[in-house]
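Structure first, commentary second.
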Protein chains: 2
Amino acid sequence: MADLVYQQVITDLNKRIMANEFADKKLPDERSLSEQYQVSRSSIKRALNVLANQGLIFKKRGSGTFINPLYLKNQSSFKYEGTNLGITDSLNTEGAQPSIQLLDFQVIPASQELQQDLFLAPDEFVYEIKRLRLLDDQPFMIEVGYIPIKLVPELNRQVVSKSIFTYVQESLKSAVTKSFLSISADASTAEDQKLLGLKPTEPVGVMSGIFFLDDGTPFEVSNMRLHYKYMKYTTFVSTEQ
Amino acid sequence: MADLVYQQVITDLNKRIMANEFADKKLPDERSLSEQYQVSRSSIKRALNVLANQGLIFKKRGSGTFINPLYLKNQSSFKYEGTNLGITDSLNTEGAQPSIQLLDFQVIPASQELQQDLFLAPDEFVYEIKRLRLLDDQPFMIEVGYIPIKLVPELNRQVVSKSIFTYVQESLKSAVTKSFLSISADASTAEDQKLLGLKPTEPVGVMSGIFFLDDGTPFEVSNMRLHYKYMKYTTFVSTEQ
DNA sequence: AAGTGGTCTAGACCACTAC
DNA sequence: TAGTGGTCTAGACCACTTA
């Protein structure tokens, strides 16, 4: 994983930045870094691009590369965070103990919408997995997931009570690294209120996603309803290509 | 803007994909594309990487590059969309007429938090701009923005009643292309209900952002409260570096 | 074994900033 | 004018998939 040249540079620069080695908020120029690390300038550029896309540094043509002082400030609280790594299972627990309560688990025919999203023929089946996620025994999210049975024919209640993605990574040797995500808000339903302990006036955050395997196969459609105090999706956005 | 080689390739490939030229969902291999476009393979790779980060294609080592059939499906409705271009002013209006109603406009001392986020000294001032945004005369968003006066000393009610970012781009010759965004949900306050026409049980979507100029200068802190039916932030997420 | 995408290099030249 | 990041090239070699 980290034996690639540009990834080593990323890791090391990250460390140096966090250690406040560049007190003037300015990084050495690319040609010097190329010398320092004994790698080509292209590799340095690639590493710097990754850091820039994360919002950690800004590059300014003609003057240099600068650290974003706001980057550090941005680690707030004990919330459920999507962040740029925004995958369901990447929970920012910060000490709290995450757990899963399986509410329902069955196999059903794929609806028309699921057929579209998961590339299924009309007669194919999916698992419907309804789970309640908790942090320190406090419920914060209701998650309903749909997975084609043909992708993981051997799924069972045991597996499904833990992290499915971890299981997939081990059994299929294919990680879930990409997704379409949609984030919105909604009034809470009676079920939301009951399961998440909400008052009738309190809302839920809604996150829906289609998750893909490495090779582009749509793996899961997931609809999540979160206690509003636990939903906080943070991201760094850049409009450049 | 679009005279760069890799951007031309992006534009053209986009066109060809949308025109369904690759009916088998497979793109030509990189070396062939390099031939076709008469550019280096590196430039092809750069273009393909951009398209892959947008979720339009998947690359699979050893077998080829494939179009994501779900990409097209994803243009839903008349909602306010953040998307990857997620800047306040990039409104997906889809025919609806956007307008702005200025609610309040004054100059105040920067709070401690604003000093941190906008890099201000304790005695510096900011504009506080409170606006109501509408689509076809239907209010959908309350926006409170804070901008250091020193960055745009000549701001006035006239300017502020339109798009500030457009104004900045013209007057400072620096675009607002990067931001930290945080998305969450909240119960509606009495003011939300009044301004956005919400019932007491209906929630708001909350988006907060720090917007940066090209050179990394924090330009604006913005807190937005949206009618929940109009907030839908969609994005493609990839965990790879 | 052949084909495909991934990594990495060395170097030329351009565009912008600062002095 | 010197220094900085941006673009682009040509080519070597590696890692993985498919047959």
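These figures come from a predicted structure and were not determined experimentally. Note on naming: letters A, B, ... go to the chains in the order of the sequence lines (proteins, then strands), and numbering restarts at 1 for each one.
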Provide, to the nearest angstrom, the distance between the [atom1] atom belonging to [X] and the [atom2] atom belonging to [N].
X	N	atom1	atom2	value
B:D215	C:dA18	CG	P	9 Å
A:Q8	C:dC8	CD	C1'	13 Å
B:K45	C:dT9	NZ	C1'	15 Å
B:E30	D:dT9	CD	P	14 Å
B:N53	C:dG6	CG	P	11 Å
B:L33	C:dG6	CG	P	13 Å
B:L4	C:dA15	CG	C1'	11 Å
B:Q7	D:dC8	CD	C1'	13 Å

**OP:** Not counting sequence neighbours, which residues clear side chain to side chain donor-acceptor pair (under 3.5 Å) with A:S43? List them please.
**Re:** A:S40

Original post:
Given C:dT4, D:dT7, C:dT7, which nucleotide is nearest the side-chain atoms of B:D29?
Top reply: C:dT4

Would you please confirm or rule out a distance under 4.0 Å between OP1 or OP2 of [N] and any side-chain N or O of [X]?
X	N	value
B:Y6	D:dT7	yes
A:S63	C:dC16	no
B:K60	D:dC16	no

With rounding to the nearest 0.5 Å, note down the distance linking [atom1] in [X] to [atom2] in [Y].
X	Y	atom1	atom2	answer
B:F119	B:L114	CZ	CG	13.0 Å
A:Y233	B:T235	OH	OG1	5.0 Å
B:L118	B:F212	CG	CZ	9.0 Å
A:R157	A:I129	CZ	CD1	11.0 Å

Subject >> B:F236/B:Y71 aromatic ring centres below 6.0 Å >> reply: no

Subject >> Contacts of type side-chain contact (heavy atoms from CB on, under 4.5 Å), residue A:D215, not counting sequence neighbours >> reply: A:L213, A:T217, B:K60

Taking only N/O atoms, report every protein-nucleotides 10-13 of chain C pair under 3.5 Å with atom names and distance.
{"residue": "C:dA10", "atom": "N6", "partner": "A:S42", "partner atom": "OG", "Å": "3.4"}

Subject >> Which residue lies more 5' along DNA chain C, comparing A:I44 with A:R61 via nearest heavy atoms >> reply: A:I44

**OP:** Identify, between B:G62 and A:G62, the residue whose nearest nucleotide on DNA chain D lies closer to the 5' end.
**Re:** A:G62

